[in-house]
Amino acid sequence: MTQAAAGDFIRDAVRRDNEQQTYGGRVQTRFPPEPNGYLHIGHAKAITVDFGIAADFGGICMLRLDDTNPDTEQVEYVDAIVADIEWLGFHPAAVVHASDYFQTLYEWAEHLVTTGFAYVDDQDGETISAQRGGFGKPGLESPYRNRTPEENLDLLRRMRAGEFAEGSRVLRAKIDMQHENMQMRDPVMYRIRYSHHFNTGDEWCIYPTYDWAHGQSDAIEGVTHSICTLEFDSHRPLYDWYLGHLPLPGDQPRQIEFARLELTHTVTSKRRLKTLVDEGIVDGWDDPRMPTLQGLRRRGYPASAITDFCRDIGTTRTNSRQSIEALESYVRRELNRTAQRRMAVTRPLRLVLTNWPTDEGGAPVVEWFDIANNPENETDGVRSVAFTGDLWIEADDFAEVPPPKFFRLSPGREVRLRGAYLVTCTGVVKDEAGQIVAVEATYDPASRGGTSPDGRKVKSTMHWVSAQHAVDATVALYERLFSAPYPGERTGEPLDDLDHASREVLHAKAETALVDTAPGEVVQFERLGYFALDPDQPMLFHRTVGLRDEWAAIQRRG
RNA sequence: UGGGGUAUGGGGUAAUUGGCAGCCCAGCGGAUUCUGGUUCCGUUAGUCUAGGUUCGAGUCCUAGUACCCCAGCCA
């Protein structure tokens with residue numbers, strides 16, 4: 001704790017290694033995902049750390065697909081992983097596979113056999129597992145543990161040659177069945193699997209386990225700092241043991257662990273996300289409701305917002321859960337600068353200007369206003385928006401009997417129609433049932449452009465669309481990526497009831513909206529929030545994040 | 001149950017290695033504003049517990065507590 005508490009403990013460690021010339025001042029890291037799913041927001045943290053540290057010290061970072069389990073891995077995932085890393089703005093020095101090293105790994109396995117540090121075990125998985133003992137209970141040695149190196153070498157070669165059935169034999173490291181660290185109780189190095197591998201095809205029928213592949217791959221590549229997540233902490237002694245018993249071509253890399261990123265209201269478990277996809281609960285890995293990088297990208301999250309967030313939350317060894325609001329604040333900060341504005345109405349209420357002029361033919365005059373696309377960024381220019389005496393406003397923006405602190409339109413009150421005119425409500429039109437069908441108002445011709453020539457103030461500026469000119473759009477509203485808390489979220493208990501949870505957390509609804517003009521890719525529908533245009537369905541917009549929830553705050557107060 | 005790891009406001013994270021507990025998110029208050037947005041200013045609130053060393057402890061010592069990880073031929 002004492003020294004680990006220092007600012008960024010990983011960079012401190014790297015700096016120390018540089019000062020002591022442990023690796024001759026060289027820094028090399030790697031990002032090693034297993035291609036068994038799409039990258040999600042949690043991976044963004046690891047990517048930011050791995051690539052960021054290499055960059056900070058003038059080193060390199062490679063992408064290594066950790067493909068030692070052919071049963072779960074696919075090229076589709078490889079392609080997505082490569083694309084997503086690029087999208088985040090990182091460029092791997094190389095894209096490699098753990099399977100590229102299968103031959104070297106095998107030769108090193110023979111080396112361990114020859115030197116008496118590995119043996120072939122003929123027992124099945126259940127037996128081996130039972131013999132491993134438990135916490136506080138020492139393990140039992142396998143009856144095959146003391147075979148001669150010659151016999152082991154013969155058996156290993158025959159394993160590799162495909163002479164034995166799946167599950168019938170494994171290669172194990174010969175370490176210590178009494179070791180207090182369970183990882184050191186003769187871990188399995190190779191298992192027999194007659195599966196097709198997406199990279200090596202049918203060349204191999206024995207596949208290395210994670211522990212037997214990972215550190216060795218690091219060493220082969222010349223990795224200096226192998227940064228991984230906290231759950232591998234107890235693997236570090238094994239990581240070092242393997243490397244310490246092999247004829248390495250260079251320096252021995254060191255493993256450093258940090259806490260993974262967890263977010264509230266967010267499922268970050270490839271297994272669960274895969275279930276959502278497989279069961280058709282979402283449309284795919286890139287469904288905008290998914291916390292995958294592709295889902296977030298479709299939602300309009302800027303890559304820089306994600307990486308800035310990951311950088312700023314820091315790297316520690318403390319298990320923690322960051323709030324989704326913190327991430328969203330980074331998204332809003334970026335989008336406030338870049339997103340164009342549009343006025344939009346989701347629950348239209350008619351607003352009629354009773355003193356609006358008509359032309360010779362009796363039709364209402366149409367007036368065009370240039371309205372800034374983004375007041376935060378003048379270079380975004382203006383758009384031309386049609387205005388007439390027949391408008392739609394948001395139903396929430398009118399109240400016949402205004403509650404306290406209601407600033408918008410109500411009888412007798414004057415507000416600004418953004419960029420157009422000041423209008424004063426003169427009355428309402430109701431149907432037989434007493435429902436309001438329209439609001440009537442008069443406009444002040446002297447306030448053209450929304451100015452107030454005599455300097456009088458109005459408490460509210462409202463958005464509007466011309467009934468005649470408005471563009472139809474659909475907006476998918478979800479307050480949050482996963483808006484509802486799910487079972488066990490607070491306590492960190494496992495999420496067992498996936499079906500229930502998925503349906504609840506992925507709730508979203510689509511609404512129609514009327515928009516002032518056709519918007520661009522990512523837009524702020526004023527007061528509704530930031531939305532991204534769906535590339536597949538023009539005029540369908542996914543909510544990125546909302547604005548600050550000002551209404552809720554007012555109601556809470558009152 | 002044995003081993004390992006971690007504890008700082010509501011959430012996250014710093015503290016020159018023993019010297020004014022700072023920053024971000026959230027909250028609250030105010031100013032500005034043609035978005036109840038943005039921006040700006042102010043503000044509430046914290047060192048897991050109990051002892052000890054010291055002029056001085058988040059930091060060092062002792063004892064405890066809580067949480068996380070490890071018993072896949074997954075990674």
Side-chain angles (χ1 to χ4, degrees), chain A residues 1-8 32-34 36 66 68-69 71-72 121 124-125 128-130 132-139 166-167 169-172 179-185 187-193 206-207 209-211 213-214 228-237 257 259 264 270-271 309 312-330 332-333 336-337 341 343 371-372 375-376 405-408 416-420 422 449-452 458-463 491-492 524-529 546-551 553-554 557:
Chain A
M1 174 185 94
T2 49
Q3 52 179 343
D8 183 331
E34 182 186 14
N36 65 347
D66 211 350
T68 56
N69 183 357
D71 294 338
T72 56
D121 194 333
D124 62 26
I128 290 175
S129 175
R132 186 133 33 218
F135 303 141
K137 291 190 291 281
E166 261 187 33
R169 281 180 169 83
V170 291
L171 183 73
R172 300 177 71 181
H179 202 108
E180 58 198 13
N181 182 344
M182 302 293 292
Q183 304 297 335
M184 301 296 273
R185 322 247 258 228
V188 170
M189 296 166 61
Y190 275 109
R191 54 319 195 176
I192 301 170
R193 193 120 324 158
I206 57 172
Y207 288 94
T209 56
Y210 166 85
D211 287 300
H214 205 94
C228 63
T229 46
L230 231 36
E231 66 268 25
F232 293 104
D233 180 277
S234 62
H235 294 239
R236 183 159 19 104
E257 312 86 21
T264 59
K270 263 196 234 171
R271 198 196 94 235
F309 170 76
D312 289 356
I313 56 177
T315 50
T316 66
R317 290 176 66 86
T318 311
N319 287 309
S320 62
R321 187 180 298 246
Q322 182 60 264
S323 65
I324 188 79
E325 288 87 352
L327 205 210
E328 288 178 343
S329 86
Y330 278 78
R332 279 198 303 263
R333 189 183 306 168
N336 181 54
R337 279 183 37 237
R341 271 61 167 170
M343 295 186 288
I371 298 184
E376 308 288 321
K405 298 213 170 184
F406 183 86
F407 300 151
R408 274 103 102 152
R416 173 184 295 109
L417 294 182
R418 183 176 180 119
L422 265 44
T451 56
S452 130
V458 291
K459 297 198 87 167
S460 181
T461 296
M462 299 191 352
H463 55 174
T491 60
Q524 183 198 90
F525 291 138
E526 300 195 22
R527 288 225 328 275
L528 264 184
L547 302 178
R548 302 256 278 225
D549 200 347
E550 76 281 355
W551 242 154
I554 289 164
R557 242 178 280 141

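Letters A, B, ... are given to chains in the order of the sequence lines, protein chains preceding strands, and every chain is numbered from 1.
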Checking base pairs now: Watson-Crick or wobble, both atom distances under 3.5 Å. What partners [N]?
N: B:G56; value: none
N: B:A15; value: none
N: B:U6; value: B:A66
N: B:C28; value: B:G42

Base, sugar-phosphate, or nothing: which does [X] touch, judged by heavy atoms less than 4.0 Å apart?
X: A:Ser460; result: nothing
X: A:Thr72; result: nothing
X: A:His235; result: base
X: A:Asn69; result: sugar-phosphate
X: A:Arg333; result: sugar-phosphate

* Structure fact -> Glycosidic torsion of B:G27 (syn if within 90° of 0, anti otherwise) classifies it as anti
* Asked: Would you say the side chain of A:Glu325 and the base of B:G12 hold a donor-acceptor pair, judged only by whether the two atoms sit under 3.5 Å apart?
  -> no
Is it the case that [X] and [Y] place a side-chain donor and acceptor less than 3.5 Å from each other?
X: A:Gln183; Y: A:Asn181; result: no
X: A:Asp312; Y: A:Tyr330; result: yes
X: A:Thr72; Y: A:Glu34; result: yes

Closest to the [X] side chain: [options]?
X: A:Arg317; options: B:G5, B:U35, B:A75; answer: B:G5
X: A:Thr318; options: B:C24, B:A7, B:C73; answer: B:A7
X: A:Ser129; options: B:A75, B:G72, B:C68; answer: B:G72

* Structure fact -> Residues passing the side-chain contact (heavy atoms from CB on, under 4.5 Å) test with A:Arg337, sequence neighbours excluded, are A:Glu334
* Carboxylate-amine/guanidinium contact A:Glu166 A:Arg191, below 4.0 Å -> no
Might you list the N or O atoms of the protein lying below 3.5 Å from N or O atoms in nucleotides 43-49 of chain B, with each pair's distance?
none

* Stacking between A:Phe135 and the base of B:C70 (centre distance under 5.5 Å, interplanar angle under 30°)? -> yes
* Inter-residue atom distance A:His214.NE2 - A:Phe232.CZ, 0.5 Å rounding -> 7.5 Å
